[in-house]
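The block underneath contains the structure these notes are about, expressed in structure tokens.
Since the model is a prediction, treat every value here as computed from it, not as a measurement. Just follow the structure's listing: the first ligand is 1, and inside any ligand the first atom is 1.
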Amino acid sequence: MKLVKGLLALSIGAVIAAQSMSVQAKELTIGFSQIGAESEWRTANTNDVKAAAKKHGVNLKFSDAQQKQENQIKAIRTFIAQKVDLIGFVPIVATGWDNILREAKRAKIPVLIMDRDLTVSDPSLYVAKIGTDSYTEGRKVFDWLDGYIHEKNIKPRNGGDKINIVILEGTVGASATTGRGNGFNDALKESPNKDMYNILASQTGDFTRQKGQEVMESFLKSNRNDIDVLFAMNDDMALGAIQAIEAAGLVPAKDIVIVSVDGVKGIFQAMIEGKSNATVECNPLQGDLFFETAKKILNGEAVPKSVFVEEGVYPAEVAKDVFPSRKY
Ligand code: AHR
């Protein structure tokens, strides 16, 4: 009797082990649609996804959408036709995904979102989102800025009574743009110091260095002596803007306080050179978490609807010490 019970326990154990090994044993094929290569951050994100796929033994079908939503939709449709095990993608903009996600659902292919958020009529169209918390990033930008303005006792350059802020926004319709904008504006509105700030101009620079430079040039053309602060929604646009500020004969990080989002090596270098004041981190190293979550989903485990990666705030004062440990 004892022997029978022992054998039974052994075989149940073997079944459970075999079930939990099912995903590990089979090579998974995952289709991944990336936005493009608009920024230093995005390149780091892509490299991390590819490296993590290798580490997790995943057969990755990677597609670069060259900044076009229609290319992402085409890529997702191809992944469905290829019957991949799971589809991952970074939504370039928040809306316009319902139809293609319905196609994925009909094909019973789970969808895992990375980095940016999307808005769909039926939340069951995707399993989960892992990535960054843009709203909190925007709030952190204002909190750092307000603290800095007071600590350094910065006064409006034009002798007026308001600190004038210009904003370089990201891609129109992207959750990273609306989230950061809303976070910044809410923190400003809720601040006891709200009356001392004025948003002078706010325009998209599409998260690229070149457009950041061009838009900053146009801000400076109309308001050269009024701008006290630049909030760039990513580091690349800040780096482009720094060139525009220098070309206009002003001193970045002194005449104009500069704060941006991302934490790429380029902005650390600029901070070390005294050309930028702070960066709020947006962590692109999401590959590990993405494939861990994908495996859980394919193993039938429950996963939280959204998981955020850790992000810090780095002022220029710490840039030199922190730089050697930066991974992107
Ligand atoms: O979605 C994350 C944002 O997209 C990063 O801030 C930016 O650099 C990227 O292009």
Side-chain angles (χ1 to χ4, degrees), residues 32-49 64-69 71-72 88-95 97 112-119 129-141 144 167-184 202 204-213 215-216 230-242 258-271 276 278-287 289-290 306-314 326-328:
F32 188 86
S33 165
Q34 179 59 286
I35 291 173
E38 73 282 5
S39 61
E40 199 178 322
W41 188 99
R42 185 64 55 200
T43 304
N45 179 243
T46 293
N47 291 343
D48 190 60
V49 168
D64 177 337
Q66 318 252 325
Q67 311 299 318
K68 290 200 174 87
Q69 183 179 32
N71 289 345
Q72 291 202 282
F89 77 105
V90 179
I92 183 162
V93 291
T95 56
W97 303 104
L112 178 57
I113 308 298
M114 179 190 268
D115 174 27
R116 295 187 185 169
D117 295 296
L118 42 61
T119 311
K129 179 242 163 162
I130 64 128
T132 54
D133 180 354
S134 304
Y135 180 81
T136 303
E137 289 161 0
R139 293 197 72 101
K140 285 179 185 168
V141 169
W144 175 85
I167 302 178
L168 284 172
E169 298 170 22
T171 303
V172 176
S175 68
T177 304
T178 46
R180 287 169 194 171
N182 291 341
F184 182 86
S202 185
T204 179
D206 212 11
F207 284 133
T208 71
R209 204 169 288 206
Q210 195 185 331
K211 286 200 187 137
Q213 180 174 353
V215 177
M216 192 67 199
L230 164 66
F231 162 30
M233 289 194 186
N234 82 345
D235 291 342
D236 276 69
M237 293 190 292
L239 291 166
I242 288 170
I258 302 174
V259 52
S260 52
V261 182
D262 276 358
V264 297
K265 283 188 178 166
I267 205 73
F268 272 85
Q269 202 61 57
M271 288 196 286
S276 194
T279 186
V280 168
E281 188 176 41
C282 171
N283 188 351
L285 308 179
Q286 303 170 17
L289 182 59
F290 178 84
S306 53
V307 181
F308 295 132
V309 286
E310 292 227 350
E311 305 180 316
V313 178
Y314 298 98
R326 294 303 292 165
K327 294 197 173 72
Y328 62 94

Applying salt bridge (Lys or Arg N to Asp or Glu O under 4.0 Å) to Asp117 and not counting sequence neighbours gives Lys129
Go through the structure and list residues passing salt bridge (Lys or Arg N to Asp or Glu O under 4.0 Å) with Arg209, not counting sequence neighbours. Glu40, Asp236
With rounding to the nearest 0.5 Å, note down the distance linking OG in Ser260 to CD1 in Ile267. 4.0 Å
Could you grab the distance from atom NZ of Lys140 to atom OH of Tyr135, nearest 0.5 Å is fine? 13.5 Å
With a 4.0 Å heavy-atom cut-off, what residues sit around ligand 1? Glu38, Ser39, Trp41, Arg42, Asp115, Arg116, Ala176, Arg180, Phe207, Asn234, Asp262
How are the rings of Phe89 and Trp97 set relative to one another: parallel (under 30°), tilted (30 to 60°) or perpendicular (over 60°)? tilted
With sequence neighbours left out, which residue pairs that include part of residues 278-287 fulfil the side chain to side chain donor-acceptor pair (under 3.5 Å) condition? Asp235-Thr279, Glu281-Arg326, Glu281-Tyr328
